[in-house]
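Heads up, the thing below is written out as structure tokens.
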Amino acid sequence: MSETPTAPRRGMLLVVAGPSGVGKGTLIRELLERHPEIEWSVSCTTRDHRPGETPGEDYHFISDDEFMRMAEQGELLEWALVHGIDRYGTPRAPVDEALAEGRDVVLEIDYQGARSVRAAMPEAVMVFVAPPDAEALRERLAARRTEDDCAVARRMRSARIEFGSMGMFEYVLVNDQLSVACDELEAVYLAERLRTRRCGWRELQRRLLAGMGDEGR
Ligand code: 5GP
């Protein structure tokens, strides 16, 4: 039987936000291990490159001028000044291309970026990762070797604003026990993939009906 071409499934855009230090990166890495079919969107940033980070894999480290040029030319799906210091943004082209080709993409961004993505792409799946309490977040930030006291205080100030934005997310998960939070993020991903608007049910329906011949008519 010849196959009739059908519109390809559009990919899912999974947005993961939450304060710095809450463990978004770890959760996303685990999700990508479990589902290598998901694409990680590499953000652009004007912040300095930290030891251990790989340019082009962790971030594209670019100058302020280059960042603003990209923003002005519409090359960023969203961008924001994070912690009041550095700019971070999501390059638009790789995300558009992956979604159009039916591949799922995950973004790790701040609440401002999440708000812009929600406005531009209301079908994006929005997940907020919260710490179990403020003390746990403070401890995690202080334990990061990369942060001095000033940076911890700045990130705690940003966290207050991030908490204020929780209401715009569809899912909130608490990263208390890492393995539980990983399972929860995967559960969101799997359930969202099964939504009728994403799962390619028309093609399945066509095959099922074709396979029945005249049975049950
Ligand atoms: P860090 O400097 O610790 O790597 O990242 C700081 C924060 O920047 C992260 O917690 C994340 O929320 C935010 N961030 C990273 N990439 C992007 C991006 O592309 N867009 C926006 N809006 N925020 C980002």
Side-chain angles (χ1 to χ4, degrees), residues 8-32 35 37-47 57-60 62 66-130 155 158-173 175 181 184-195 197-198:
R9 165 192 184 273
R10 190 170 161 78
M12 179 202 316
L13 185 61
L14 182 64
V15 174
V16 179
S20 260
V22 80
K24 302 183 295 280
T26 310
L27 288 172
I28 292 174
R29 268 194 300 280
E30 179 61 28
L31 183 70
L32 296 176
H35 295 278
E37 71 276 17
I38 307 176
E39 288 195 15
W40 156 251
S41 156
V42 180
S43 297
C44 293
T45 182
T46 60
R47 86 148 157 74
E57 276 183 29
D58 294 294
Y59 283 107
H60 299 292
I62 61 176
E66 174 64 359
F67 193 100
M68 291 321 291
R69 187 202 60 74
M70 290 180 76
E72 277 158 20
Q73 300 199 348
E75 294 175 18
L76 298 174
L77 172 62
E78 61 73 35
W79 70 269
L81 186 68
V82 178
H83 309 312
I85 301 186
D86 297 303
R87 293 179 213 281
Y88 295 77
T90 305
R92 182 190 296 277
V95 174
D96 282 351
E97 194 180 300
L99 296 180
E101 290 173 3
R103 287 175 279 128
D104 300 329
V105 180
V106 61
L107 307 184
E108 180 198 333
I109 58 180
D110 83 321
Y111 76 98
Q112 305 169 85
R115 181 172 295 143
S116 307
V117 171
R118 196 183 58 153
M121 295 188 177
E123 70 282 11
V125 177
M126 312 283 294
V127 180
F128 187 91
V129 184
R155 281 164 195 257
S158 298
R160 180 183 287 279
I161 306 173
E162 292 271 349
F163 295 153
S165 78
M166 275 167 71
M168 77 170 160
F169 292 84
E170 296 170 280
Y171 296 93
V172 173
L173 59 92
N175 187 12
E184 289 175 346
L185 183 59
E186 185 182 26
V188 168
Y189 173 66
L190 291 175
E192 286 287 338
R193 234 172 42 173
L194 298 178
R195 279 196 190 266
R197 69 171 187 268
R198 296 201 180 93

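For Gly113 against Ala80, the heavy-atom pair with the smallest separation is N-CB, 4.4 Å. Pairing each heavy atom of Val105 with each of Ala98, the nearest pair is CG2-CB, 3.5 Å. Residues Ala114 and Met168 share a closest heavy-atom pair of CB-CE, 4.0 Å. Closest approach of Tyr59 to Arg47, counting heavy atoms only: CE1-NH2, 3.2 Å. The heavy-atom pair separating Ser41 from Thr90 by the smallest distance is OG-CG2, 3.4 Å. Among all heavy-atom pairs drawn from Ile62 and Cys44, the shortest one is CD1-CB, 3.8 Å.
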Checklist entry - Stepwise, does the side-chain contact (heavy atoms from CB on, under 4.5 Å) test hold for Leu13 with Leu107? => result CA-CA 8 Å; Leu13 185 61; Leu107 307 184; 3.8 Å; yes
Checklist entry - What do the steps show when you test Trp79 against Met68 for side-chain contact (heavy atoms from CB on, under 4.5 Å), and what is the final call? => result CA-CA 10 Å; Trp79 70 269; Met68 291 321 291; 4.0 Å; yes
Next on the checklist: Evaluate Leu76 against Phe67 for side-chain contact (heavy atoms from CB on, under 4.5 Å), listing each step before the verdict.
Outcome noted: CA-CA 9 Å; Leu76 298 174; Phe67 193 100; 3.8 Å; yes
Checklist entry - Going through the distances and angles, do Thr45 and Val82 end up as a side-chain contact (heavy atoms from CB on, under 4.5 Å)? => result CA-CA 10 Å; Thr45 182; Val82 178; over 6 Å; no
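Here Ser20 contributes atom OG and Asp110 contributes atom CG; the two are 9.0 Å apart, rounded to the nearest 0.5 Å. Of the inter-residue distances, the one linking His83 atom NE2 with Ile161 atom CD1 reads 10.5 Å to the nearest 0.5 angstrom. Atom CE of Met121 and atom CG of Leu99 lie 5.5 Å apart (nearest 0.5 Å). Within the model, atoms CD of Glu162 and CD of Gln112 stand 8.0 Å from one another, a figure rounded to the nearest 0.5 Å. One distance of note links OH of Tyr111 with CZ of Phe128; it measures 11.0 Å at 0.5 Å rounding. Residue Ile85 holds its CD1 atom at 9.5 Å from OG1 of Thr46, rounded to the nearest 0.5 Å.
A donor-acceptor contact shorter than 3.5 Å is absent between the side chain of Trp40 and the backbone of Arg29. Put simply, the side chain of Arg198 never gets that close to the backbone of Arg193: no donor and acceptor are under 3.5 Å apart. Although no hydrogens or angles enter the test, the distance criterion places a donor-acceptor pair under 3.5 Å between the side chain of Arg9 and the main chain of Gly102. In this structure a side-chain-to-backbone donor-acceptor pair under 3.5 Å is missing from Asn175 to Val129.
Contact annotation: the side chain of Leu27 never approaches that of Val16 to less than 4.5 Å [non-hydrogen atoms, C-beta and beyond].
Checking Ile38, Val15, Val125 one by one against Val106, the side chain to side chain contact (heavy atoms under 4.5 Å, CB included) holds for a single residue, Ile38.
When the side chain to side chain donor-acceptor pair (under 3.5 Å) test is applied to Arg195, the partners found at least two apart in sequence or on another chain are Glu192. For Glu184, there are no salt bridge (charged side-chain N to carboxylate O under 4.0 Å, His left out) partners at least two apart in sequence or on another chain.
The salt bridge (charged side-chain N to carboxylate O under 4.0 Å, His left out) contacts involving residues 71-93 comprise Asp64-Arg87, Arg69-Glu75, where partners must be two or more places apart or lie in separate chains.
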